[in-house]
Amino acid sequence: MLGGGAGQTASVQPKIFGPREHGIELDDVSDNAIRVTQTLQKAGFKAFVVGGAVRDLVLGLKPKDFDVATDATPEEIRRLFRRAFIIGRRFQIVHVMFGQDLIEVTTFRGNSTDEAQKDAHGRVLRDNTFGEQHEDAARRDFTINAMYYDPAEQLVLDYHGGMKDIRNNTMRIIGVAEARYREDPVRLLRVVRFAAKLEFKIAPDTRQPMAVMAPLINNVPVARVFDEMLKLLMSGHAMACLQRLRKEGLHHGLLPLLDVVLEQPLGEKFVTLALANTDERIRQGKSVSPGFLFASLLWHQVLEKWEAYRAAGEYPIPALHLAADDVLDGQTEKLALQRRIATDMRDIWAMQPRFERRIGKSPYKLLEHPRMRAGYDFLLLRCASGEIDEEIGQWWTDFMEADGGGRESLLNQKPIENSDSPTTKRRRRSGRNRSKPKAESS
Ligand code: ATP
Ligand code: MG
């Protein structure tokens, strides 16, 4: 019964929509995805574009990527294409490559969650049976993600009323919500991400158990939660997603990062600006580095600890490093921050006091820092949030744009002393004690 929720309500016969009803223009479908479905169909298999791509096409949005579902087995798929690779051990999928473009091809999955191996909380651990198309549809998460598009016939096959839900701007989980969240708690984060991104409401039955089920996310491997968080933060709608997480009661005690981000009044302006900035960049198709993003989200926690270490008598620079260590240690445990991201974050933070030294060779050295651009963008965020004086950001903008002579005269300008500045504020060291400060709040 558990998880069979999906199976029980599964429609075996789909509703079929023609071009005038679904409105998908063949021109908007990736040529490579069409190539893949054609090749499979010519070989006698069923093949459809599926999932997020169909949803986005019906909505008139540009899909991020195209996935194909078929009744061919991974081995049968692989043999049909010149550059195709079977990926994954648990449930094999096939990557079909066309230059840089990748089409992910999966075999219809069976609806066998009743027998699937689960953890103590009901989370499905292993589940790798192939099945019928209607079973594959029932295994998907939301009705709007369970539609299949056949480019040859230009038909959409809709097993769970996805088309109707799209028209009503509604996120609806397939099957019994509680059972589906239990099988895979990451769906809780997915519902929020799609609802925020598409500006959809969440159907009452889909929404009702969310807050109660939230703690189940703690049982999901951290790397997977991290991936989903990153998708959420890089969706171009990060701010809306975080607000929605809060609204659904999913932010509390769920991820340490979110607690920090959503419950710190001091850093709110900074985080809001950083996320607005990120959303804007993504919408413009520019790159965003996860390191910069996480460095922003956690900056005010670093500031707080930095202050505490200095209050305990530590020198500013070592105090900053100690603060960075504390914050990163706290996050890596639960958030599985990859080492490369953590290194980027530390670099960006460590650069900050160096922007305050506007004398001698220091600014020139900083210009050569490989992460200078990120550090400077970060500095501008600090200025814009009111944490430090706008003047310092302006000085650096001028310095970077100036020629040799211009730079010298900027250096000769006496920088305005900022009495609150951590590096100019010289404290007397009260001792060589490097132990953690008592005042620290965690
Ligand atoms: P995006 O635009 O973010 O890529 P998407 O819907 O394509 O959205 P993917 O993570 O790429 O999301 O997944 C592709 C499809 O696989 C989904 O549309 C859905 O049908 C199915 N799927 C993904 N994750 C899950 C899950 N946790 N449980 C059930 N089905 C899922
Ligand atoms: Mg996708």
Side-chain angles (χ1 to χ4, degrees), residues 3 5-7 10 14 29-30 33 48-70 87-88 90-91 93 95 101-113 116 122-125 127-128 131 133-149 156-162 165-166 171-177 179-198 200 206 213 216-217 219-221 223-238 240-241 282-283:
V29 183
S30 129
F48 299 86
V49 172
V50 70
V54 183
R55 175 197 70 219
D56 290 346
L57 287 167
V58 172
L59 280 163
L61 303 171
K62 191 173 150 46
K64 245 179 15 199
D65 39 44
F66 283 82
D67 299 330
V68 167
T70 176
I87 309 287
R90 246 180 57 196
F91 187 88
I93 58 177
H95 282 178
D101 194 21
L102 178 151
I103 305 292
E104 205 171 278
V105 188
T106 43
T107 306
F108 295 142
R109 288 206 198 186
N111 181 23
S112 65
T113 44
R123 188 168 66 84
V124 173
L125 297 174
D127 196 3
N128 38 10
Q133 185 168 7
H134 72 267
E135 294 174 315
D136 184 83
R139 295 270 318 250
R140 293 181 181 271
D141 44 10
F142 307 107
T143 60
I144 62 169
N145 283 350
M147 297 186 290
Y148 300 75
Y149 176 66
V156 166
L157 276 57
D158 176 9
Y159 286 88
H160 294 278
D165 283 334
I166 282 195
M171 288 298 303
R172 188 188 312 278
I173 203 158
I174 296 170
V176 178
R180 301 304 310 283
Y181 293 137
R182 203 173 279 285
E183 279 171 13
D184 182 6
V186 164
R187 290 171 185 152
L188 293 162
L189 296 175
R190 289 175 61 86
V191 80
V192 167
R193 173 160 64 92
F194 294 126
K197 182 173 165 183
L198 305 173
F200 274 25
T206 302
M213 316 261 357
L216 290 177
I217 296 183
N219 307 318
V220 178
R224 188 145 178 255
V225 178
F226 182 78
D227 282 350
E228 198 55 41
M229 279 300 301
L230 204 55
K231 278 194 190 175
L232 195 143
L233 292 168
M234 309 273 252
S235 67
H237 304 265
C241 284
I282 303 241
R283 287 180 208 196

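Indexing begins at 1, ligand by ligand and atom by atom, following the structure's order.
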Please list, one pair per line, the donor and acceptor atoms closer than 3.5 Å that link side chains of residues 226-233 to other protein atoms, with sequence neighbours excluded.
| from | atom 1 | to | atom 2 | distance (Å) |
| --- | --- | --- | --- | --- |
| Glu228 | OE2 | Arg193 | NE | 3.1 |
| Glu228 | OE2 | Arg193 | NH2 | 3.0 |

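- Considering Arg180, Arg187, Arg190, Arg55 as possible partners of Asp141, the one that fulfils the salt bridge (charged side-chain N to carboxylate O under 4.0 Å, His left out) test is Arg190.
- Distances from atom 15 (C) of ligand 1 to the heavy atoms of Arg55, Arg140, Lys197 put Arg140 nearest.
- Each of the following atoms of ligand 1 lies closer than 4.0 Å to a heavy atom of Lys231: 10 (O).
- Near Phe194, meaning under 4.0 Å from one of its heavy atoms, ligand 1 places the atoms 6 (O), 8 (O).
- Listed here is the closest heavy atom pair of Ile144 and Met171: CD1-SD, 3.7 Å.
- Taken to the nearest 0.5 Å, the CZ atom of Phe108 stands 6.0 Å off from the OH atom of Tyr148.
- Partner of Ile166 under the side chain to side chain contact (heavy atoms under 4.5 Å, CB included) criterion, chosen from Val54, Thr143, Val58, Asp158: Val58.
- Side chain of Thr206 to main chain of Ile173: a donor-acceptor pair is present (N/O by atom type, distance under 3.5 Å, no hydrogens or angles).
- In summary, the atoms of ligand 1 found under 4.0 Å from a heavy atom of Asp67, numbered by their order in the structure, are 14 (C).
- Proximity to Gly51 (heavy-atom distance under 4.0 Å) selects the following atoms of ligand 1: 18 (O).
- The proximity of Phe142 to ligand 1, defined as any non-hydrogen pair under 4.0 Å, does not occur for either the backbone or the side chain.
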Might you work through the side-chain contact (heavy atoms from CB on, under 4.5 Å) test for Tyr149 and Val29, ending with a clear yes or no?
CA-CA 10 Å; Tyr149 176 66; Val29 183; 3.8 Å; yes

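- Residue Pro185 forms a side chain to side chain contact (heavy atoms under 4.5 Å, CB included) with just one option from Val225, Asn219, Val220, and that option is Val220.
- Closest of all the heavy-atom pairs between Arg140 and Thr106 is NH2-OG1, 4.4 Å.
- Heavy atoms of Arg139 come nearer than 4.0 angstrom to ligand 1 in at least one pair.
- Closest to atom 28 (N) of ligand 1 among all protein heavy atoms lies Arg187 NE, 2.9 Å.
- Residue-level proximity to ligand 1 for Lys64 is carried by the side chain, the only part with a heavy atom below 4.0 angstrom.
- The shortest distance between side-chain heavy atoms of Leu59 and Phe200 falls below 4.5 Å.
- With a 4.0 Å heavy-atom cut-off, ligand 1 is reached by the side chain of Arg224 but not by its N, CA, C or O.
- Contact annotation for Asp141 and ligand 1: heavy atoms of both the backbone and the side chain come within less than 4.0 Å of the ligand.
- Only side-chain heavy atoms of Arg193 come within less than 4.0 Å of ligand 1; its backbone N, CA, C and O stay farther off.
- Every atom of ligand 1 is numbered from 1 in the order shown, and the set under 4.0 Å from a heavy atom of Asp184 is 26 (C), 27 (N).
- Heavy atoms of Arg109 stay at 4.0 angstrom or farther from ligand 1.
- At least one N or O atom of Arg190 sits closer than 3.5 Å to an N or O atom of ligand 1.
- Panel note: side chain Arg109, backbone Glu135; no donor-acceptor pair is recorded below 3.5 Å.
- Note on Asp65: its N/O/S atom closest to the Mg ion (ligand 2) is OD1.
- Considering backbone and side-chain atoms alike, Ala146 places every N or O at 3.5 Å or more from each N or O of ligand 1.
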